[in-house]
Amino acid sequence: MGGSIGTVTYYENYSPVGDVTVTSVCLVFFILMAVAYNIKSKSYRIMQAMIVCLLIAAAASMGYHITLNKRDEIPYAVIYLLRFLMHTGLFVNLYLYVIYVMEPLQLDANIRKRFFIADTVLLVMFVADDLFSTIFKFGYYIDETGTIHEGVRFFFAIGYCCFFGIIAWLLLVYRGRIVRQILYGILGTFAMSILMMSIQGAHGQVSFTCVCFLYPIVTLLYMIHANPYDIEIGAVNVNAFDDMIGYVNRHHESRFFMSLFMPDFEGTGKKYPIEIQNTIKEFTQQYFRGAVLFKLSGGRMLLSINMKKNPDYKKGAESALKRFAKEYKNFQFDYKIVFLTTVPSITGGHDYIKLLQFIEKKMDINSVHTVADRDIADYTTTKYVLSELEDIRHGADLNDPRIEVFTQPVLNIATGKYDTAEALMRMRLPETGMVFPDVFIPLAEEYNYIHTLSLIILFKTCIRIKNMLDQGYNVQRISVNFSVGELRDKSFCDDVKRVIDKVGVPYDKIAIEITESQNESDFLITKKRINELRHDGIKFYLDDFGTGYSNFERIMELPFDIIKFDRSLVIACGSDEKSEQMVTHLARMFSSMDYSVLYEGVETEQDEQKCIRMSAKYLQGYKYSKPIPIEELSEWFEKTA
Ligand code: C2E
Ligand code: CA
Ligand code: CA
C-alpha cells in the first residue's frame with residue numbers, strides 16, 4: 001500500500017477523504033438496515049459482516065496513515081497494528097464476499113467444501129504474511145531511522161486478485177445458476193472497482209482503496225437486500241413475508257398475526273381509503289412494539305407481532321379491533337379478520353396465505369376469527385387430500401385403490417326386494433384412513449378432479465354388477481353420482497360409455513344421479529347429454545329434490561326416470577301437516593307423469609309408512625342399511641330363479 005518510489009511517497013499523498021466517506025456510508029447503511037425491515041437471510045448476515053470489516057478497515061486506514069506520518073512520536077507497534085487491522089479488514093471482507101457469492105449457486109457439498117478451503121487458505125496466507133513479514137522483517141517494516149521498507153510491494157494487490165479470481169471463476173462457471181441481472185450487476189461493479197483502483201494508482205494515491213470495497217456492498221444492498229416500502233402504510237411485500245416465516249421457523253420463534261382481508265380490494269390494485277391506511281398505521285405503531293406490516297396479494301394486510309416483545313399482545317389485538325370497529329362505521333368496506341399464531345407445521349409464506357384463504361372461505365363476511373388447532377388440522381387434511389386427489393387424477397387408473405365404492409341398497413316397494421342400489425364414493429388414504437364425501441367432493445369439484453373420480457366409481461361399480469349378474473343375482477341397476485359440472489365436458493357421454501363398454505355391462509344396468517342446476521346454459525347441456533345417454537338405455541335420477549329452488553317447468557323438460565326426494569322433505573312431513581300435504585301432492589304429480597318417486601333418508605318405521613302413503617316406488621335410508629362396501633351388496637340382493 002504505502003512506500004516510496006523515488007521521491008514519491010504514497011502515504012504522504014494520503015488524504016482521509018476516501019476513508020471518511022467509507023466510514024460514513026457504512027454508518028448510513030447501518031441506519032437504513034436498522035429502520036427498514038430486512039430479510040434476515042444468511043446472505044444478509046454475511047453482507048452485514050462485510051460492512052463491519054470495511055468499517056474497521058477504513059477506520060484503521062485513517063489511523064495508520066496519520067500515525068505513519070508522525071512515526072517519530074508514536075510507537076511502531078501501534079502503526080503496525082493499525083496497518084494489520086486495515087489489511088485484515090479488507091482481506092476478511094473479500095473472504096466473506098467469496099462465501100456470499102457461493103450461497104446462491106447451490107454447489108455440491110464437495111465442490112463447495114473445496115472453494116471454502118481455497119478461500120480460507122488464501123485468507124490465512126495473506127493475513128499470516130502481513131503479520132510475520134513485519135515481525136521477522138522480511139516484508140513491511142520501519143527501521144530505527146524511520147525509513148519504511150516495503151518488502152514485496154504488490155503483495156496486497158496479489159491477494160486482491162486471488163480473491164477476485166475465485167469470485168470471477170465461480171460466477172463464470174456457474175453463471176447459469178445466478179440471476180442474469182445480478183451477475184451483470186456484480187461484474188459491472190468489479191469493472192468500476194478496478195477502474196477506480198487504476199485511477200488512484202495513476203495519481204500516486206492510496207486514499208480511495210477502501211472506497212473500491214464499498215461498491216460491491218452497494219450492489220448487494222441494492223440488488224438483493226433492498227426491500228421497498230409501501231410509503232403510504234409502511235408495509236413490506238410478500239417476499240419479505242415469506243422470508244420472515246422462514247426466519248421464525250428456523251429460530252423456533254413464534255409470532256402473532258392479525259390478517260385483514262378486504263374483498264373489495266382483491267385484485268383491483270385499488271388503494272385502501274385513507275382512513276384505513278391511517279388506522280393500520282396506528283395498529284402497527286401504537287398497539288405493539290416492533291410489529292411489521294406486510295402487504296400481501298389479493299387485498300390482504302398482515303401485521304406480524306413478536307410475542308416475546310409483546311407479552312400482552314392479546315390486549316393489543318383487542319384495542320386494535322375496537323379501533324377498527326370504530327373506523328369501520330365510516331368506511332363500510334367488507335372485511336374478514338383472522339388472528340393466528342405461527343404453526344411449526346406450516347413452513348412458507350405462501351402456505352400461510354393459503355391457510356388464511358382456507359379459513360376466510362368458511363367465515364361470514366365482516367367477522368373476526370381466531371384460528372384454533374382444529375382449523376389447522378382441517379387445513380392440513382385438506383392439503384393432504386388435495387395432493388392425493390391430484391395424484392389420483394395424474395395416475396388416471398380406473399383401479400386406483402384409494403377410491404372405494406360403498407353402496408346403499410334401495411328397497412323396491414312393488415316387489416318388497418332390493419334390486420337397485422346407489423353407489424357412494426369413499427376415499428381411503430394412507431395417512432388419514434377413510435375420508436368422507438363432505439370433505440373431498442367439494443375439493444374435487446373445485447379443482448376439477450371430480451370427473452376422474454366419478455369414472456373410477458363407475459368402472460368399479462360396473463365390475464361388481466357384471467360379477468353379480470354372472471352369479472345370477474337380480475340386479476336391476478346401480479346408480480352412480482355425477483356432478484353437474486362434469487356434463488359440460490364434450491367428451492362426457494363418450495367417457496361414460498367407454499368405461500361401461502370396457503367392462504361389458506348392459507347400459508340399462510347403470511343409472512346416473514345428478515342434481516338440479518340453476519344455470520341456464522347447464523340446463524341446455526344437461527338436457528342434451530341426458531337425451532344422448534338415455535337413448536342408449538342409461539337411466540337418470542334427479543338427486544336431492546326439495547333442497548334447492550326447484551323449477552318444475554325445467555324438471556319436466558328433462559327426461560328423468562326417478563325423482564329422489566331429499567331426506568329434508570321426509571323430515572318436514574314428520575313435523576307438520578302442511579308439508580305433508582305438499583309433498584304428497586308433488587309425489588302424486590310426478591307419479592302421474594311417469595316419474596318414479598324415491599324417498600331418501602328413511603330412518604324409521606314412521607318414515608317408511610308415511611313415504612309409502614306418499615306414492616313411494618323406492619325407499620332408501622338407514623332403516624334398511626347404511627352404505628356398505630360394494631362387495632357386500634350381494635347379501636341384500638336375491639338370485640333370479
Ligand atoms: P347423496 O347423493 O344425497 O347421497 C346420500 C347421502 O345420504 C349419503 O351420504 C348417505 O350415506 C346418506 N344417507 C343415506 N341414508 C340416510 C339416512 O337414512 N339418514 C341420513 N341422515 N343420511 C342418509 P354420503 O355417502 O356421505 O354422501 C354424501 C354426498 O356426497 C352424496 O349425497 C353425494 O352428493 C356426494 N357423493 C357421494 N358419492 C359421490 C360420487 O361418487 N360422485 C359425486 N359426484 N358425488 C358423490
Ligand atoms: Ca345421490
Ligand atoms: Ca341425495
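Counting starts at 1 for both ligands and their atoms, in listed order. This one's a predicted model, so the numbers in the text were calculated from it and none came from an experiment. All values below come from the heavy atoms of this structure, side chains included, with hydrogens, waters and symmetry mates left out.
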Would the number of heavy atoms belonging to other residues, nucleotides or ligands and lying under 6.0 Å from [atom1] of [X] be above 12?
X      : atom1 : value
Arg250 : CZ    : yes
His251 : NE2   : yes
Lys326 : NZ    : no
Asp594 : CG    : no

- Message: Applying a heavy-atom cut-off of 4.0 Å, say which part of Asp543 lies close to ligand 1: side chain, backbone, both or neither.
- Response: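 Contact part for Asp543 vs ligand 1: side chain (C-beta onward).
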- Note on the structure: Going by the 4.0 angstrom heavy-atom rule, the piece of Gln408 near ligand 1 is side chain
Number the atoms of ligand 1 from 1 as they appear, then name those within less than 4.0 Å of a heavy atom of [X], with their elements.
X      : value
Ser483 : 44 (N)
Glu600 : 3 (O), 5 (C)
Gly621 : 15 (N), 18 (O)
Met425 : 37 (C), 38 (N), 39 (C), 40 (C), 41 (O), 42 (N)
Arg567 : 19 (N), 20 (C), 21 (N)
Val602 : 18 (O)
Pro627 : 11 (O)

Aromatic [Y] / basic [X] pairing, under 6.0 angstrom, 45° off normal:
X      : Y      : result
Lys639 : Tyr473 : yes
Arg393 : Tyr449 : no
Lys361 : Phe358 : no
Arg554 : Phe523 : yes

- Among the N, O or S atoms that Glu422 has, which is closest to the Ca ion (ligand 2)?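 It is OE2 of Glu422.
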Could you tell me whether [X] and ligand 1 have an N or O pair separated by under 3.5 Å?
X      : value
Asp544 : yes
Glu603 : yes
Ser454 : no

- Aromatic ring proximity, centroids under 6.0 angstrom, Phe492 and Phe482: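 Between Phe492 and Phe482, which both carry aromatic rings, the centre distance is below 6.0 Å.
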- Query: Can the ring centres of Tyr418 and Phe637 be said to be less than 6.0 Å apart?
  - Reply: no
Looking only at protein heavy atoms, which one is nearest to [atom], and how far off is it?
atom                    : value
atom 42 (N) of ligand 1 : Asn481 O, 3.2 Å
atom 46 (C) of ligand 1 : Ile441 CD1, 3.6 Å
atom 4 (O) of ligand 1  : Leu424 CD2, 3.6 Å
atom 35 (C) of ligand 1 : Pro437 CB, 4.2 Å

- Query: Does one side chain, of Glu513 or Ser479, offer a donor that lies under 3.5 Å from an acceptor on the other?
  - Reply: yes
- Query: Between Gln581 and Glu577, does any side-chain donor sit less than 3.5 Å from a side-chain acceptor?
  - Reply: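 Judged by distance alone, the side chains do not pair up.
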Using heavy atoms and a 4.0 Å limit, tell me yes or no: is [X] in contact with ligand 1?
X      : result
Arg426 : yes
Lys626 : no
Glu422 : yes

- Starting from the C-alpha separation in whole Å, work towards a yes-or-no answer on ring-ring contact (aromatic ring centres under 6.0 Å, His included) for Tyr541 and Phe560. CA-CA 6 Å; Tyr541 292 17; Phe560 285 110; 9.1 Å; no
- Message: Please report, to 10°, the angle around the Ca ion (ligand 3) from atom OD1 (Asp543) across to atom OE2 (Glu600).
- Response: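 Output for this angle: 110°, rounded to tens.
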- Message: Check Lys417 with Glu638, please: is the shortest side-chain N to carboxylate O separation under 4.0 Å?
- Response: yes
Less than 4.0 Å from [atom], is there any heavy atom belonging to the protein?
atom                    : result
atom 32 (O) of ligand 1 : no
atom 7 (O) of ligand 1  : no
atom 26 (O) of ligand 1 : yes
atom 40 (C) of ligand 1 : yes

- Item | Pairwise distance CG(Leu355) to CD1(Ile376) - rounded to 0.5 angstrom | 5.0 Å
- Query: Rounded to 10°, how big is the angle at the Ca ion (ligand 2) from Glu513 OE1 to Asn481 OD1?
  - Reply: 80°
- Phe440, Tyr622, Phe436: member with heavy atom nearest to atom 18 (O) of ligand 1: Tyr622
- Task: Could you tell me how the ring of Phe552 sits relative to the ring of Phe590: parallel (under 30°), tilted (30 to 60°) or perpendicular (over 60°)?
- Result: tilted
- Do any of the N/O/S atoms of Asp544, backbone or side chain, fall under 3.0 Å from the Ca ion (ligand 3)?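 Short answer: yes, at least one N, O or S atom is under the cut-off.
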